[in-house]
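Remarks on the structure that follows.
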Protein chains: 2
Amino acid sequence: MFELDLRSRKPIYEQLVDKLKELIINEVFKPDEQLPSVRALAQDLTINPNTIQKAYRELENQGFIYSLKGKGNFVSQNNGVMDTQKIDLVLNELEKLIQEAFYLGVKPSDLIAVIEKLKAPKGGDEYYD
Amino acid sequence: MFELDLRSRKPIYEQLVDKLKELIINEVFKPDEQLPSVRALAQDLTINPNTIQKAYRELENQGFIYSLKGKGNFVSQNNGVMDTQKIDLVLNELEKLIQEAFYLGVKPSDLIAVIEKLKAPKGGDEYYD
DNA sequence: CATACTGTATTAATCATATTAGTACACTTG
DNA sequence: CAAGTGTACTAATATGATTAATACAGTATG
């Protein structure tokens, strides 16, 4: 399904959270789609089921998935409600990175180009190549 | 000088790296300015000198500071040379955050506004381009 | 109802890392 | 020389991540 860096200083469960979040945001996993079971994914990635569960729990806390006992873990609906608290956190991180980019010599127009490139993937499958 | 969250899951030395990097980028610490000595900062923050040194070494590896034995640690000149490898890393992180922002309902125009806001240097007597 | 899936919880052991503590050495400055 | 600086090293401790094993509860299906 994807790769993990077991040697990384970044904990496995955090890598899992990041990757799964990315897949959800990019709608590789669609709303209400079932994620791999804790045990199945653990076997697939050759890591402990507890580590998978820890990642799933974190994703649930962050609102990206919901879980039903006995059924499985599923991708949350993106309900359109603005979570201002979370937005503030993301914008704060964003500001730091933008400043660092400026420091490295990236120009504002370059960043705006990035934004344009990633703008709202509303339509169907959009993979240019 | 600044505050650390000793309870945070984020290591102290990483918090230090982030904060110092921020101060350097925003030119609170100017090029060739001397940073607090390892021992002085350790005493100031009530943490171990080794932890400070670890942060300083990391900042040196990232090119933000340079150190002279017996003299001290100093802010690097921003030499204007494009470190494309580092830029790619930052842009990659940036893309993830931008996508997450979109997912949370932030509009492209909002992000562009953030860029415009940060475009101007903090120092004061600088000029725009 | 039995079986086999699912999520969840708990405990313990192990491993890796961060942090502290103490000491030592080399260099610079006055 | 004395007092400041960075740097290196070892050891002990603390914290967190990961694994392991087990158990329990809910769901689906034949």
Side-chain angles (χ1 to χ4, degrees), chain A residues 1-21 24 29 31-77, chain B residues 1-21 24 29 31-77:
Chain A
M1 173 158 302
F2 38 60
E3 299 164 11
L4 297 176
D5 182 1
L6 299 182
R7 299 177 192 169
S8 170
R9 35 278 165 211
K10 192 168 203 173
I12 297 175
Y13 80 94
E14 280 189 20
Q15 294 182 48
L16 266 171
V17 168
D18 287 347
K19 301 240 178 191
L20 290 170
K21 195 190 293 187
I24 292 173
F29 286 132
D32 289 327
E33 181 176 343
Q34 183 168 7
L35 296 172
S37 80
V38 169
R39 292 175 179 83
L41 188 53
Q43 189 169 7
D44 184 12
L45 299 177
T46 328
I47 58 181
N48 194 281
N50 292 335
T51 306
I52 307 288
Q53 197 208 338
K54 190 170 185 179
Y56 278 179
R57 195 191 314 156
E58 177 63 20
L59 284 170
E60 189 180 16
N61 288 337
Q62 294 189 25
F64 285 93
I65 69 175
Y66 61 92
S67 73
L68 302 177
K69 228 192 251 180
K71 300 192 71 174
N73 287 277
F74 303 86
V75 177
S76 295
Q77 290 282 351
Chain B
M1 174 158 302
F2 39 59
E3 298 166 11
L4 297 176
D5 183 1
L6 300 183
R7 299 176 192 169
S8 170
R9 33 281 164 209
K10 191 168 203 171
I12 296 176
Y13 81 94
E14 280 191 20
Q15 295 182 48
L16 266 172
V17 168
D18 287 348
K19 301 239 177 190
L20 289 170
K21 196 189 293 186
I24 292 173
F29 286 131
D32 289 327
E33 182 175 342
Q34 183 167 7
L35 296 173
S37 80
V38 168
R39 293 175 179 82
L41 188 52
Q43 188 169 9
D44 185 13
L45 299 177
T46 328
I47 58 182
N48 194 283
N50 293 333
T51 306
I52 307 288
Q53 198 208 338
K54 189 169 185 180
Y56 278 180
R57 195 192 316 155
E58 176 63 20
L59 284 170
E60 189 181 16
N61 289 337
Q62 294 190 23
F64 286 94
I65 70 176
Y66 61 94
S67 73
L68 302 178
K69 228 193 254 181
K71 299 191 70 173
N73 287 277
F74 303 85
V75 176
S76 294
Q77 290 281 351

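Chain naming here is simple, since letters A, B, ... match the order of the sequence lines and numbering starts at 1 in each.
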*Can you tell me if the side-chain N/O atoms of A:Lys71 get under 4.0 Å from OP1 or OP2 in C:dC5?*
no
*Name the closest nucleotide to the A:Ser37 side chain, picking from D:dG6, C:dG7, D:dA17.*
C:dG7
*Indicate the atoms forming the closest heavy-atom contact of A:Val38 with A:Pro49, along with that distance.*
CG1-O, 3.4 Å
*Tell me whether the OP1 or OP2 atom of C:dA18 has a side-chain N or O from B:Thr51 closer than 4.0 Å.*
no
*Let me know, please, whether A:Leu68 or A:Asn50 comes out on the 5' side of the other along DNA chain C by nearest nucleotide.*
A:Leu68
_Just verifying a value: how many Å separate A:Gln62 CD and A:Ile24 CD1, rounded to the nearest 0.5 Å?_
10.0 Å
*How close or far is atom P of D:dG16 from atom NZ of B:Lys10, stated in whole angstroms?*
16 Å
_Base of D:dG16 paired with side chain of B:Arg9 (donor-acceptor, under 3.5 Å)_ = no
*Please tell me which of the listed nucleotides, C:dT8, C:dT20, C:dA18, lies nearest to the side chain of B:Tyr13?*
C:dA18
*Between D:dA14 atom P and B:Leu6 atom CG, what is the distance in whole Å?*
16 Å
*Looking only at atom types and distance, does a side-chain atom of B:Gln34 sit under 3.5 Å from a main-chain N or O of B:Lys71, one as donor and one as acceptor?*
yes
*What's the CD-C1' distance between B:Gln53 and C:dT19, to the nearest Å?*
14 Å
*Is the shortest side-chain N/O distance from A:Ser67 to OP1 or OP2 of C:dG7 below 4.0 Å?*
no
*Out of curiosity, A:Thr51 OG1 to A:Glu14 CD, how far, rounded to the nearest 0.5 Å?*
12.5 Å
*Atom CZ of B:Arg57 to atom P of C:dA18: distance rounded to whole Å?*
11 Å
*asked:* Distance criterion of 3.5 Å, no angle test: do you see the side chain of B:Arg39 paired donor-to-acceptor with the base of D:dG6?
replied: yes
_On DNA chain C, compare the nucleotides closest to A:Ser8 and A:Asn73; which residue's is nearer the 5' end?_
A:Asn73
_Nearest whole Å is fine: how far is D:dT18 P from A:Glu58 CD?_
13 Å
*Given the rule in the side chain to side chain contact (heavy atoms under 4.5 Å, CB included) test, do B:Asp5 and B:Gln15 qualify, once you have shown the distances and angles that lead to the verdict?*
CA-CA 8 Å; B:Asp5 183 1; B:Gln15 295 182 48; 3.8 Å; yes
*Taking CG from B:Asn48 and P from D:dT13, how many angstroms apart are they, rounded to a whole number?*
15 Å
*Integer-rounded Å distance: C:dT19 C1' and B:Ile52 CD1*: 12 Å
*B:Lys69 has an atom NZ; how far is it from atom P of C:dA24, in whole Å?*
18 Å
